[in-house]
Amino acid sequence: MEIPKQYEPKEVEGRWYPEWEASQYFTPEKQTNPAAPVFTMVIPPPNVTGYLHMGHALNHTLQDVLARWRRMNGDRVLWLPGTDHAGIATQMVVTRQLAAEGVDRRDLGREKFLEKVWEWKAHSGGTIQKQMRIVGDSVDWSRERFTMDEGLSKAVLEVFVRLYDEGLIYRGEYMVNWSPGLQTAISDLETEMKPVKGNIWHIAYPVKDGAEGDSTTSRSERVDLAEAYAALNESEAKSGLLKTAQGTFIVVATTRPETMLGDTAVAFNPEDERYAELKDKKAVLPLVGREIQFIQDNLVEKDFGTGLVKVTPAHDPNDFAMGKRHGLEFIQVISKEAKITDAAPEKYRELDRYAARKAVVADLEAAGLLLKVEDYTHNVGHCQRSGQVVEPLISTQWFMKMQPLAEPALQAVLDGRTKIIPEGVSKIYCGWLENIQDWCISRQLWWGHRIPAWYTPDGEIIVARNEAEARERLVQQGKDVNTVLTPDEDVLDTWFSSALWPFSTLGWPEQTEDLKNFYPTQVLVTAQDIIFFWVARMMMMGLKFMGEVPFSTVYINALVLDPHGQKMSKTKGNVIDPLEVFDKYGTDAARFALTAASTAGLTLALQDSKLESSRNFANKIWNATRFVLMNCGEILEDQEPLEWETKLSNPTLADRWILSRLQSATSEVNSALTEYRFHEAAATLYQFFWNDFCDWYIELSKPFVTSTEISDENTAVKRRIIYILERSLCLLHPLMPFITEELWQRLPHKGETICLKDFPQAVARDEQAEREMELFTGIVSKLRNIRSTFNIAPSVKIKAQLATSDEASKAVMTAMTDQIIRLARLESLELVEAIAAQKGSVRDVLSGIEIAVPLEGLVDFDKERERLKTTVTKLSGEYEGLQKRLSNQDFVARAAAEVVAQSQARSAELEEQIAKMKVVMENL
RNA sequence: GGGCAUAUAACUCAGUGGUAGAGUGCUGCCUUCACACGGCAGAAGUCACAGGUUCAAAUCCUGUUAUGCCCACCA
C-alpha cells in the first residue's frame, strides 16, 4: 500500500501549521455563533531574545490543549500571543553583540543604542514565534503584542501617572540591591540568596573610656588580645568585652570586614546587661580613627556571636534600618562600581571590595586587633541576571507602594474569585502578599519604558504622560511654563509592563471591543518561578485598573526535570532541548508525553520511556487508521455523512460496547480537562484508543471489514468503525494536532479542518453492554491463558466447552460463539448444560461459567495443578477477607447497606467458583 | 528559622475510606494478511516509619524520618 507502515512525523508535521495560520482558524471570529461563550488566555510572554526551552514546551502544550479543546467545543477562543521586551536580558544581548563588533554602548549613546536594539529585534528576534508554530500553538497571530508596542507603552504611562497621582508610586533614597555588574538597582525578587563559603572575622575595637583609654600604646607594651579573647571565651562568662591592661576593647564579628571603614556605631541588645556600661561611651574605629557611638537595638540577638554588632548604615539593610532609627551618620565607603570611595582612608581608595577586604584584614592583623577567624558559610545576595554579588547601597530610586495593592489581590484568592491550582501554591501566593515589601521599579538601563518624570532646576519632580502635560502641570502649580525640564534617565522594571499584560494587550486604556469581549480571561497557565514576579502583580494591576480579577483560574504547570529528576541547568549540562525531542520522537508524541506527565505535582521528570510510549501511541493511531483506509475504500468514496445512530440498525454487542466506551472516554476527557487533570485526559485517551478500540473492537470487526463480500452487514461494520475512528481523532486532536489533522484529511474530509470540528459530547453509557463484553473478553482471556500455559502453538486449534446456568451469560456466549472461536483459535466451541468430568481436560471457572478444554496427551498435570492452585489461592484470599468482614457484626450494622450487599454477593460468587475449582482439582 | 510539597512494583508516576493501577523494564510464546514503535499470556508492591480516628485506613488526623522547593535581616 501507499501508506507507510510507520508513522513519520517529519513527513506530516511541517505541512499543517501554515495552512491553519493562513486560514485563520485560530481567531475567535471564526466562531460565528454570537452566543458562544468566550474563552480567553493570554500567553506568558516569552523574552523577545528567547528561544523555546522545555518549560515553554510544556506550558504551551497545555495551553494549546485547552485552546483547541474549547475551540472544538464551540467557544470563541482567543489565545493571545506576544513577547516581552525583557529589559536587562535584551540590553545585555545587544551590548554583547556590539562589543563583539568593537563598539562600546556608551560611545554609541542612548538614542543610537536603542535604534540598534530595535534593529536587532527586527532581524534576530522572532525565533520563539517560529518555534511556537513548530509546537502547534493555536494562537491568534493577528493579535500578537509586544510589551514595547505603542499601545502597551501608553498603558504603562497611564498606570504610572495614575499610581503616582494616588501616592502609590514614590521616589526616595533607600537601600537597594545594587548590581555592580549591570550598574543598576534590582528588586528583591531579582536577588537570589546563595550560600557562599567565607569567614567570620572577630575584630577588636578599642573603647575610649576616660583616663587610660589610649589605644595607641606602643608596641612593646602590647597585650596579646587574641589570647585574652580566647581565654575569655573558654570561661563561663562569654563576652565581647575585653578589659586588659592596655585598655578596654569590644569584639565584633563580621563576614564583611571591609565595611568597617563605614561603621558609625556598635549595637547591642537593650536587655544585654553585659554591655550596659558601654551605653554612654565611645569606641574608636581602627584603621580609620573615627569615634563611634554605642546604640541599643532589639535587632541585635544577645546570644549570637558576641552580642555586639558593628553598624554600617550605608552598606547593610539591617544597619540601614538601625541607622535611620538612631539617627546615625551614613558613610558610603563602597561605590556603585564596588570600589572603596574617597570617604575611606586614602590607602584603601579605589580598591575593589574584595581587595579592600584583604587589605583591611591584613592591617587589622598587623595591629593585633584581629582576634579570631572562623570558616563560615552564609547566604549572600546574587544578581539573578549577572550572577554577581549584590552590593546593598543607598540610592535614589522609584518605588511602588505595595500594601494597598496587595490587599485586594490577596482577598480575591482567599474568596475564590481566582483559583490557583495546585492548591498549595495559593498558600505561597498569599504568604508573599501578606508580607509584601515595596517594589523598586526603576532600572538604570536604556532599553525599556522610560520613567515619565521630569525635574525642574530646583529639584522638583513632575510626573506626566508626556512633556506637554508636564508643562501643564507646572503651570497648575503656578510655575513658569518655560522652566527647564530634565527628563528622568531611568526605565521601568520589565515586570511593570508585564503586570498590565491581561488588559494592555486588549487595548486598555482605550475601551476597545476586545477589552469588553475578552477581559477577564478564563485561565492563566504559567510556571511557578514567576508567581511573585508576574502573577501576583497582574492580579494587583487587574483589580486596580479593571476592577476585576484578570483570570478566574491560575494553573501552575510543573517544573520539567531531567530523566533523573534533577533540575536542568547549564552548569550541570543536563539541559534538554525540546526541539531535539520533537525531532526525535515527533511533536505530537512529545506533546502527548508532556500532557500525560502533567499530574498534580509541581515537578515532572521527562522519561525517555514516556516519550517512546507516546511515539508508539502515535504509530498505533497511524496504523489503526491505515487499517481502516486499506479496507474501507468503498465507504470512503461515499459522501454520505457518517452518523452512528442511523446506521445502527442491528447493533452487535461489540457495537454497543464500543459506543459506550467512547461515551465514557468522552465524558472523562471533558471532565478531566475542565478540572485541569491533564494526565487523566491523556491516560483515558490512550487506554480507550489502544485497549478498547484497537485490541478489541478492530479485532472483532476484522471478519467483516476484511471480507471481500459486499453485504449490508459488512458495510454497516465498516461505517461504524470509521465513525468510532473519526470520533477518536477528534478527542485526540487537542493533544496531538498534527497527526489527527493528517489522518482526518485522509478520511473523506478533504479541505475540512479537524481544528473546528465538534468535540464529541458524552451521552448515556450502556452498562449492560459493558458487563456482557467483560464476560466475553474474560472467556477469551481464560482460553488464551490455557493455550499459553501449555505452550500450544498458534497453528494448533483446540476444542472447548462452556457451561453455565445463567440465561444472560448463555445469550452472550451464543451471540459471540464465532468470535470466541476466532480469537481463542478454537476448532470448535460447544455450549453445554454441564461439563462432565473428563480425563485430560483442562478446566477453569469464570463468574458462573465453566470452561473445559480437552487436551488429551498435551496436559502437564503438574503445571495444571499449579495453575489451578494459583487461581484458587487468589480467589480464596479475597473470599476469606470478605468472610472475615461479613462475620463482623459491627460491619454489618454500621457499613453502608450497599457495601454490605456487594460484599455478600461477591462472597457468594467466590464461594461457588472456589467450590467448582476444587472439584476440578480433585478430578485431575 | 518559617512555609509548602512529596514518600506506592526494578524505574517514573497515577489512584480511591471497603485487601492496589499505568507506562517502561522483566519472563514465556508468537515475524497470524493495521502496527515487532506489534500481538498474546505472565511475574512483580507489609502503598516510608510509629501512634490515633473508624465496622473498615495505603487512603483521614498526629508525630518521626528522608527528600525536594520557596521564603527569611542572624552580624
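Just so you know, these numbers use all the heavy atoms, side chains as well, and skip hydrogens, waters and symmetry mates. Below, chain A is the first sequence line, B the second, and so on; all start at residue 1.
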Exercise for review: Using a 4.0 Å heavy-atom cut-off across all strands, classify Gly431(A) as base, sugar-phosphate, or nothing.
Suggested key: nothing

Practice item. Name the nucleic acid region contacted by Gly565(A), choosing base, sugar-phosphate or nothing; use a 4.0 angstrom heavy-atom cut-off, strictly under. Key: nothing

Exercise for review: Scan residues 373-380 of chain A against RNA chain B and write down, sorted by residue number, each residue with any heavy atom closer than 4.0 Å; if none is found, say none.
Suggested key: Tyr376(A), His378(A), Asn379(A)

Study note, to complete from the structure: Closest to the side chain of Lys620(A), out of A41(B), G38(B), C37(B), is G38(B)

Review point. Between Asp844(A) and Lys782(A), is there a side-chain N and carboxylate O pair less than 4.0 Å apart?
Key: yes

**Study point:** Inter-nucleotide P distance (U59(B), U8(B)), Å rounded
**Key:** 13 Å

Exercise for review: Report the distance from atom NZ of Lys194(A) to atom P of C70(B), rounded to the nearest whole Å.
Suggested key: 12 Å

**Study point:** Pairwise C1' distance, G23(B) and U65(B) [rounded to whole Å]
**Key:** 30 Å

**Study point:** Qualifying ring-ring contact (aromatic ring centres under 6.0 Å, His included) pairs, either residue in residues 599-626 of chain A, two or more places apart
**Key:** Tyr7(A)-Trp622(A), Phe592(A)-Phe617(A), Phe617(A)-Tyr686(A)

Check your understanding: Taking NZ, NE, NH1 and NH2 as the nitrogens, is one of them in Glu192(A) or Lys194(A) under 4.0 Å from a carboxylate oxygen of the other?
Key -> no

**Study point:** A34(B) OP1/OP2 closer than 4.0 Å to side-chain N/O of Lys702(A)
**Key:** yes

Practice item. Sequence neighbours left out, what passes side chain to side chain donor-acceptor pair (under 3.5 Å) with Glu612(A)? Give chain and number order. Key: none

Study note, to complete from the structure: Contact check, residues 298-310 of chain A vs RNA chain B, heavy-atom distance under 4.0 Å, returns Leu299(A), Val300(A), Glu301(A), Phe304(A), Val309(A)

Review point. Which is true for Ala624(A) with a 4.0 Å heavy-atom rule: it touches a base, it touches only sugar-phosphate, or it touches nothing?
Key: base

What N/O pairs connect the protein and nucleotides 57-64 of chain B at under 3.5 Å? Give each pair on its own line.
none

Point to revise | Between C1' of A75(B) and CG of Asp272(A), the distance in whole Å | key: 14 Å

Got a list of protein N/O to nucleotides 20-29 of chain B N/O distances below 3.5 Å?
residue	atom	partner	partner atom	Å
G23(B)	O2'	Ser613(A)	OG	3.1

Practice item. Evaluate the salt bridge (charged side-chain N to carboxylate O under 4.0 Å, His left out) criterion for residues Lys197(A) and Asp375(A): first the C-alpha distance (whole Å), next the side-chain angles of each, then the deciding distance (0.1 Å), finally the verdict. Key: CA-CA 7 Å; Lys197(A) 276 187 191 166; Asp375(A) 287 338; over 6 Å; no

**Study point:** Close approaches to RNA chain B from residues 582-597 of chain A, in residue order (heavy atom, under 4.0 Å)
**Key:** none

Review point. Taking the C1' atom of each, how far is A44(B) from U27(B), in whole Å?
Key: 11 Å

Check your understanding: When the distance from CG of Leu561(A) to C1' of A5(B) is rounded to whole Å, what number comes out?
Key -> 13 Å

**Study point:** Glu190(A) side-chain N/O to Ser187(A) backbone N/O, donor-acceptor pair under 3.5 Å
**Key:** yes

Exercise for review: Quick one: list whatever passes side chain to side chain donor-acceptor pair (under 3.5 Å) with Ser907(A), sequence neighbours left out.
Suggested key: Gln883(A)

Check your understanding: Has Thr254(A) got a side-chain N or O lying under 4.0 Å from the OP1 or OP2 atom of A75(B)?
Key -> no

Review point. Roughly, in whole Å, what's the span from CD in Glu434(A) to P in A72(B)?
Key: 14 Å

Exercise for review: Anything under 30° is parallel, anything over 60° is perpendicular, the rest tilted; go ahead and classify Tyr676(A) against Tyr555(A).
Suggested key: parallel

Review point. Are OP1 or OP2 of C37(B) and a side-chain N or O of Asn623(A) less than 4.0 angstrom apart?
Key: no

**Study point:** Under-4.0 Å salt bridge between Lys10(A) and Glu8(A)
**Key:** no

Check your understanding: Closer than 4.0 Å, any side-chain N/O of Lys427(A) to the OP1 or OP2 of G3(B)?
Key -> no

Check your understanding: Should the pair Arg537(A) and Trp439(A) be classed as cation-pi, given the thresholds of under 6.0 Å to the six-membered ring centre and 45° from the axis?
Key -> yes

Check your understanding: RNA chain B: Asp695(A) or Met193(A), which has the more 5' nearest nucleotide?
Key -> Asp695(A)

Point to revise | Whole-Å gap separating C1' (C13(B)) and CG (Asp608(A)) | key: 15 Å

**Study point:** Distance-minimising heavy-atom pair for Asn623(A) and Lys5(A)
**Key:** ND2-O, 3.0 Å

Practice item. Can you run down the salt bridge (Lys or Arg N to Asp or Glu O under 4.0 Å) pairs that involve residues 869-884 of chain A, sequence neighbours left out, and say none if there aren't any? Key: Glu878(A)-Arg906(A)

Exercise for review: Kindly indicate, with the supporting measurements, whether the criterion side-chain hydrogen bond (donor to acceptor under 3.5 Å, both in side chains) is fulfilled by Asp297(A) and Asn269(A).
Suggested key: CA-CA 5 Å; Asp297(A) 198 291; Asn269(A) 191 290; over 6 Å; no

Review point. Which value, in whole Å, describes the distance between the P atoms of nucleotides U54(B) and A72(B)?
Key: 43 Å

Study note, to complete from the structure: Whole-Å distance, Arg615(A) CZ to A36(B) P, equals 12 Å

Practice item. Using whole Å, report how far CD of Gln6(A) lies from P of A34(B). Key: 16 Å

Review point. Taking atom CD of Glu827(A) as the centre, does the number of heavy atoms from other residues, nucleotides or ligands within less than 6.0 Å exceed 12?
Key: yes

Practice item. Assign Gln902(A) to base, sugar-phosphate, or nothing according to its heavy-atom contacts below 4.0 angstrom with the strands shown. Key: nothing

Between the protein and nucleotides 67-69 of chain B, which nitrogen or oxygen pairs come in under 3.5 angstrom?
none

Check your understanding: Does OP1 or OP2 of A41(B) have a side-chain N or O of Ser781(A) closer than 4.0 Å?
Key -> yes

Practice item. Kindly confirm or rule out a cation-pi arrangement of Arg615(A) over Tyr585(A), judged by NZ or CZ under 6.0 Å from the six-membered ring centre and within 45° of its axis? Key: no

Check your understanding: From A34(B), A75(B), G39(B), pick the nucleotide closest to the side chain of Thr255(A)?
Key -> A75(B)

Check your understanding: Pairs counted as Watson-Crick or G-U wobble with both distances under 3.5 Å: what dot-bracket string results for RNA chain B, using | for bases tied to another strand?
Key -> (((((((..((((....[..)))).(((((.......))))).....(((((..]....))))))))))))....

**Study point:** P-based separation of G21(B) from A58(B) [nearest Å]
**Key:** 16 Å

Practice item. Measure the distance from CE on Met322(A) to C1' on C73(B) and round it to the nearest whole Å. Key: 9 Å

Review point. Counting side-chain heavy atoms from CB outward, which of G39(B), C70(B), G15(B) is closest to Phe532(A)?
Key: C70(B)

Name every donor-acceptor pair, under 3.5 Å, that has one atom in a side chain of residues 304-324 of chain A and the other anywhere in the protein, sequence neighbours excluded.
residue	atom	partner	partner atom	Å
Thr306(A)	OG1	Val251(A)	O	2.8
Thr306(A)	OG1	Leu308(A)	N	3.2
Lys310(A)	NZ	Thr259(A)	OG1	2.6
Lys310(A)	NZ	Asp263(A)	OD1	3.1
Lys310(A)	NZ	Thr312(A)	OG1	3.0
Thr312(A)	OG1	Asp263(A)	OD1	2.6
His315(A)	NE2	Val333(A)	N	2.9
His315(A)	NE2	Ile334(A)	N	3.2
Asp316(A)	OD1	Asn318(A)	N	2.9
Asp316(A)	OD1	Asp319(A)	N	3.1
Asp319(A)	OD2	Thr312(A)	N	2.7

